Student: 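What follows is a structure written as structure tokens; I'll ask about it next.
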Number of protein chains: 2
Amino acid sequence: MTGLDTNTEDIILKAARKVFTHKGFDGARMQEIADEAGINKALLHYYFRSKDKLFEAIFVEVLNTVFPKIIAVLMSPVSLFEKIEKVSFNYIEMLKKNPDLAIFVFHEISRNPIRLVGNFKNAGADFNIIKIQIEEEVKAGNMYPIKAEHLIANLISMCVFPFIARPVFMGMAGMDNDAYDQFLEERKQIIPQTIITAIKTRK
Amino acid sequence: MTGLDTNTEDIILKAARKVFTHKGFDGARMQEIADEAGINKALLHYYFRSKDKLFEAIFVEVLNTVFPKIIAVLMSPVSLFEKIEKVSFNYIEMLKKNPDLAIFVFHEISRNPIRLVGNFKNAGADFNIIKIQIEEEVKAGNMYPIKAEHLIANLISMCVFPFIARPVFMGMAGMDNDAYDQFLEERKQIIPQTIITAIKTRK
DNA sequence: TATACTTTTGACCATCCGGTTAAACCAACT
DNA sequence: AGTTGGTTTAACCGGATGGTCAAAAGTATA
């Protein structure tokens, strides 16, 4: 593919990402990563000193895949309703391309919550921007009040959780893989529709 | 506490449940379970032949904690709106008492999706009941159409995901533990409010 | 070609971990 | 007290696993 694929360090990262995101830190084996990369196990330690170091490298990479783009949308200077639509679209689009990331990220964060703190706080997330924007929309009569925490929680939950619970939902609703992909595609519309309709309406 | 606590088998199950749900199958150590139970490691193998067997025992137990009650509510003969309220309340209440279960269940299911199939299908879940109920509510003019899959996905997502993403949401919104517990409590109202308002309104 | 360097490898090591075993412990019964 | 049967333990085993090392292979430079 690209030139990156001929660079040993990147081959390793790619293999490690695949194995770690699929099996988690505890379930991943250095030997399996080496096999996946088509190299000797010792070479892993030559480029990355330890399993922890290698994991850290790909975990940061994954966090940067998952959070920054959505935060950028939420912080961008567009209307609240447009943000809700864009986040739904972008998040579902990204997770369709990286279906393992959701479970991986939250499992690993639960294994070691401290790791998170610094990393995404300085991705430019400022929660007050959303709070102020909601206040303004309420003042302008475009929506009814809701705490920013709940609005964002509703939005992210509905986007991400179907990827985490995929086998469960598929089993419950009797969907096959194709049907579920179609279902996920529909959610790009359903989620903003649900949220926006709810906040535009007197409860 | 109860008489159960003096029974070795139950002491083991309790310890195993704590360690497994906290660390996952791969991260759990038989020695740690033994320590937690205050017994010898060999005794684990005396009561449960292997780590797999012990895990299977507590996994079934956990599935029966997580799914049946919610399925029972969804299948019960009450109005759709009442179901939505009851599921929100019950799910959040249960997860407040067992905060580790959400991540644990979905991580382990992703590790081995087949395990799930039989288990909760015969918990009495019949998705058609919800589909029919929605059709009737639509026909009666009480709500606008929405696929049952999306309605249920929205409901479960908004209830469960805040437990999975707890550290992330806490970080983003700058909440401490007490504030987050309060936030979760509020969601018992917010979630049915959001869903019901949305489906009662022309989009 | 000789030299110096980085990259890659196979073989190896120490430790961890799930699992086994034989013996000790203990309660019940005779 | 002695026997029996279930329970608990300390010690041990073998394989898996993260990690190391010295030598081989490859590459660039003179």
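Note that the structure is predicted; figures quoted are calculated from it, not measured.
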Student: dT8(C) C1' sits how many Å from Ile11(A) CD1, rounded?
Tutor: 13 Å
Student: Is any side-chain nitrogen or oxygen of Ser50(B) closer than 4.0 Å to OP1 or OP2 of dG18(C)?
Tutor: no
Student: Over all strands shown, is Ala34(A) touching base, sugar-phosphate only, or nothing at heavy-atom distances under 4.0 angstrom?
Tutor: nothing
Student: Counting side-chain heavy atoms from CB outward, which of dT8(D), dT8(C), dG18(D) is closest to Met30(A)?
Tutor: dG18(D)
Student: Using the side-chain contact (heavy atoms from CB on, under 4.5 Å) rule, take Thr201(A) and Lys200(B) through it: C-alpha gap first, then chi angles, then the decisive distance, then the call.
Tutor: CA-CA 10 Å; Thr201(A) 308; Lys200(B) 273 188 175 171; over 6 Å; no
Student: Between Leu44(A) (CG) and dG18(D) (P), how many Å, whole number?
Tutor: 10 Å
Student: Using a distance-only test with no angle check, is there a side-chain donor-acceptor pair under 3.5 angstrom linking Gln182(A) and Asp178(A)?
Tutor: no
Student: Need to verify one output field. Residue with the more 5' nearest nucleotide on DNA chain D, Arg29(A) or Asn40(A)?
Tutor: Arg29(A)
Student: Can you tell me how far NZ of Lys147(A) sits from CG of Leu151(A), rounded to the nearest 0.5 angstrom?
Tutor: 13.0 Å
Student: Separation of Asp52(A) atom CG from dG19(D) atom C1', in whole Å?
Tutor: 12 Å
Student: Heavy-atom nearest nucleotide on DNA chain C for Tyr47(A) versus Lys41(A): which residue maps closer to 5'?
Tutor: Tyr47(A)
Student: Rounding to a whole Å, what distance do you find between Asp35(B):CG and dC17(C):P?
Tutor: 12 Å
Student: Side-chain N or O of Thr8(B) versus OP1/OP2 of dT7(D): is the shortest distance under 4.0 Å?
Tutor: no
Student: Rounded to the Å, how far apart are Leu43(A) CG and dT8(C) C1'?
Tutor: 6 Å
Student: Touch check for Phe48(A), heavy atoms < 4.0 angstrom, all strands: base, sugar-phosphate only, or nothing?
Tutor: nothing
Student: Could you tell me how far apart Asp26(A) (CG) and dA16(D) (C1') are, to the nearest whole angstrom?
Tutor: 15 Å
Student: Quick check for you: among dG18(D), dT8(D), dT6(C), whose closest atom lies nearest to any side-chain atom of Tyr46(A)?
Tutor: dT6(C)
Student: Check whether any side-chain nitrogen or oxygen of His45(A) sits under 4.0 Å from OP1 or OP2 of dG19(D), and answer yes or no.
Tutor: yes
Student: Hey, does Lys53(B) have a side-chain heavy atom less than 4.5 Å from the side chain of Tyr47(B)?
Tutor: no
Student: Can you measure Lys23(A) atom NZ to dG18(D) atom P for me and round it to whole angstrom units?
Tutor: 12 Å
Student: Given that Gln31(A) and Ala42(A) both sit by DNA chain D, which one's nearest nucleotide is further toward the 5' end?
Tutor: Gln31(A)
Student: With no hydrogens and no angle check, just 3.5 Å: does a side-chain donor-acceptor pair link Glu108(A) and Asn112(A)?
Tutor: no
Student: Could you give the CD-to-C1' distance, from Glu9(B) to dT8(D), as a whole number of Å?
Tutor: 15 Å
